[in-house]
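Below is one structure, written out as structure tokens; the observations come after it.
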2 protein chains.
Amino acid sequence: MFGSAKSDIPKKVGGVPAKSRGDKAWQILREAIFTGRFAPGAPLRFQEMQTLCGMSVSPVREALTRLVAEGLVETEHNRGYRVTPLSRGDLEDLVRTRIRLEGWALERAIELGDERWEARIMSSLHVLSRLPRRRSADPRLMDEEWERRHNDFHTSLIAACDSPTTLQICRALSDRADRYRQISLAFETGPRDVDAEHAAIAEAALARDPAKARNALATHYEQTTRYLSTYLAAD
Amino acid sequence: MFGSAKSDIPKKVGGVPAKSRGDKAWQILREAIFTGRFAPGAPLRFQEMQTLCGMSVSPVREALTRLVAEGLVETEHNRGYRVTPLSRGDLEDLVRTRIRLEGWALERAIELGDERWEARIMSSLHVLSRLPRRRSADPRLMDEEWERRHNDFHTSLIAACDSPTTLQICRALSDRADRYRQISLAFETGPRDVDAEHAAIAEAALARDPAKARNALATHYEQTTRYLSTYLAAD
DNA sequence: ATAGTCAAGATTTTCGAAACCACAGCGGCC
DNA sequence: GGCCGCTGTGGTTTCGAAAATCTTGACTAT
């Protein structure tokens with residue numbers, strides 16, 4: 001369209017190239033919401049989004065529909081879209097639900113996991129621990145690569161669970177929780193050894209101790225709530 | 001647009017009027033998938049959908065995006081959309097996940113429910129039992145009103161649960177299961193007293209017996225699997 | 001002053017056509 | 001004969017603008 005027509009499509013996020021403009025819009029808006037470019041509760045205006053994404057209204061609209069389904073964006077008919085607000089109540093509910101559901105998935109994975117499952121956990125834990133959590137340039141922001149690896153670690157823990165439906169829901173909840181994780185960095189004051197928390201989960205999982213693994217996972221997830229909930233609106 | 005401009009918008013499904021063409025397209029396509037107008041695995045062509053919905057491509061596309069997010073429809077880039085196939089494996093996974101998740105929601109509701117919760121269960125159970133399950137005209141099809149009331153009964157059971165996230169997921173899973181329920185009628189041969197199954201759940205819930213209620217719910221959900229799974233592709 | 005009405009501007013929603021892609025059928029080349 | 005590339009066809013995806021809708025603010029009547 002303008003200049004080199006194709007070269008603006010294959011932008012990647014998390015290693016996955018965008019296949020269509022709709023995909024790309026989804027990635028861009030998602031990223032914009034995560035980084036706070038669009039604040040929680042802020043209205044999303046089409047003109048701005050079109051400029052940001054460099055495309056027409058149709059793919060933007062498709063992306064928004066997806067984001068609504070994922071719970072990152074809300075809509076009211078004929079009154080546009082807005083970034084879903086964050087709140088203490090939502091976070092607490094989210095964390096409790098994740099602990100319950102992902103805890104079950106973890107137990108199941110411990111039951112079924114083979115050597116390959118174990119190996120993937122060890123490898124993803126290792127590469128995760130090799131990276132600092134905060135971005136060196138701006139320590140209030142999360143390092144993109146760290147987040148990718150963190151995600152991979154948690155995915156690997158439950159990968160051996162045999163319920164695709166459960167895994168899919170876990171992924172969706174993890175996405176919703178990402179936003180809280182992002183901003184929690186700005187508020188964490190006390191010392192927190194995230195690496196140790198991860199190692200504890202992995203150790204219990206490989207030792208095939210379901211109760212212990214579940215506990216470690218719960219502790220890990222509850223840490224974020226602890227730091228964050230006092231700073232969030234009660235709702 | 002044509003004749004009386006407004007009158008073609010407020011079509012209702014389940015008592016909820018469509019607010020936009022996108023909503024209406026979603027309702028129409030959903031209904032078409034449930035009733036088998038579009039069979040499992042069948043490709044969804046835009047021309048046909050536009051004719052069926054009586055509108056242009058944009059709202060149809062929006063509806064499809066929503067249906068994909070709900071798992072009723074699948075898509076492959078540049079190769080269109082297709083109705084998500086039904087399979088034995090998917091059904092079994094779905095049912096197990098529902099039993100686990102909805103079982104927990106039920107326990108929680110039993111813990112928290114007040115008089116209003118009890119009253120709603122009794123009332124929705126009553127109106128449900130007053131209606132035949134099969135459509136009188138074509139006994140292989142499910143009565144629309146019955147399905148609405150059935151849904152309301154199950155919703156009322158867990159309504160007192162205090163986790164919006166969990167309730168939302170339960171609703172989504174219930175929607176996915178609807179398709180299996182619809183076709184199960186055509187295969188059910190042996191006698192099955194659905195009303196008794198419902199009554200058993202309600203009784204245990206009102207008696208505040210979590211384990212018993214959970215069991216009754218599990219039994220109820222497993223019945224459908226029992227009748228259906230031999231007729232479904234293994235996958 | 002207050003509520004109700006209306007017009008203008010801003011924004012979302014929908015349309016119809018253009019651009020684009022996958023696939024099948026055909027013809028040339030090794 | 002088999003393989004490769006071209007091209008036409010049937011479909012999806014994206015565009016740019018028109019239509020519908022909401023918001024705002026001024027104006028009028030009570």
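First the proteins, then the strands, lettered A, B, ... as listed; each starts at 1.
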Go nucleotide by nucleotide along DNA chain D from the 5' end; which of A:S56 and B:M49 gets its closest nucleotide reached first?
B:M49
Could you tell me whether the side chain of A:W117 and the main chain of A:S156 form a donor-acceptor pair under 3.5 Å?
yes
Rounded off to whole Å, could you give me the CG-to-C1' distance for the B:D23 and C:dT14 pair?
14 Å
Could you check which residues of residues 58-66 of chain A get a heavy atom under 4.0 Å from DNA chain C? Sort them by number, please.
A:R61
Show your working on salt bridge (Lys or Arg N to Asp or Glu O under 4.0 Å) between A:R61 and B:E62 and close with a plain yes or no.
CA-CA 8 Å; A:R61 184 162 254 278; B:E62 174 163 341; 2.5 Å; yes
Evaluate the ring planes of B:H198 and B:H150, with Trp represented by its six-membered ring, and classify them as parallel (under 30°), tilted (30 to 60°) or perpendicular (over 60°).
tilted
Can you tell me how far P of C:dA22 sits from NZ of A:K19, to the nearest Å?
10 Å
Could you give the CZ-to-P distance, from B:F46 to C:dA17, as a whole number of Å?
17 Å
What is the separation between atom NE2 on B:H77 and atom C1' on C:dA19, rounded to the nearest whole Å?
13 Å
So with a 6.0 Å cut-off around CZ of B:R82, is the heavy-atom count from everything else above 12?
no
Ignoring the backbone of B:N78, work out which of C:dC21, D:dT21, C:dC15 is nearest its side chain.
C:dC21
Does D:dA20 have OP1 or OP2 under 4.0 Å away from a side-chain N or O of B:R21?
no
Write down the distance between CD (A:Q47) and P (C:dT12), rounded to a whole number of angstrom.
9 Å
Tell me: CG of A:L44 to P of C:dT13, nearest whole Å?
12 Å
Spacing between B:R45 atom CZ and C:dC23 atom P, to the nearest angstrom
13 Å
Contact between A:E74 and A:Y81 at the side-chain level, heavy atoms closer than 4.5 Å - yes or no?
no
Of D:dT14, C:dT14, D:dT21, the nucleotide closest to the side chain of A:V57 is C:dT14
Return yes if some donor-acceptor pair links the side-chain N/O of B:S174 with the main-chain N/O of B:C170 below 3.5 Å, else return no.
no
Kindly state whether the ring of B:Y221 and the ring of B:H154 have centres lying under 6.0 angstrom apart.
yes
Rounded distance in Å - CD (B:Q50) to C1' (D:dT13)
12 Å
Per B:R79 side chain, nearest of listed nucleotides C:dA22, C:dT13, C:dC15:
C:dA22
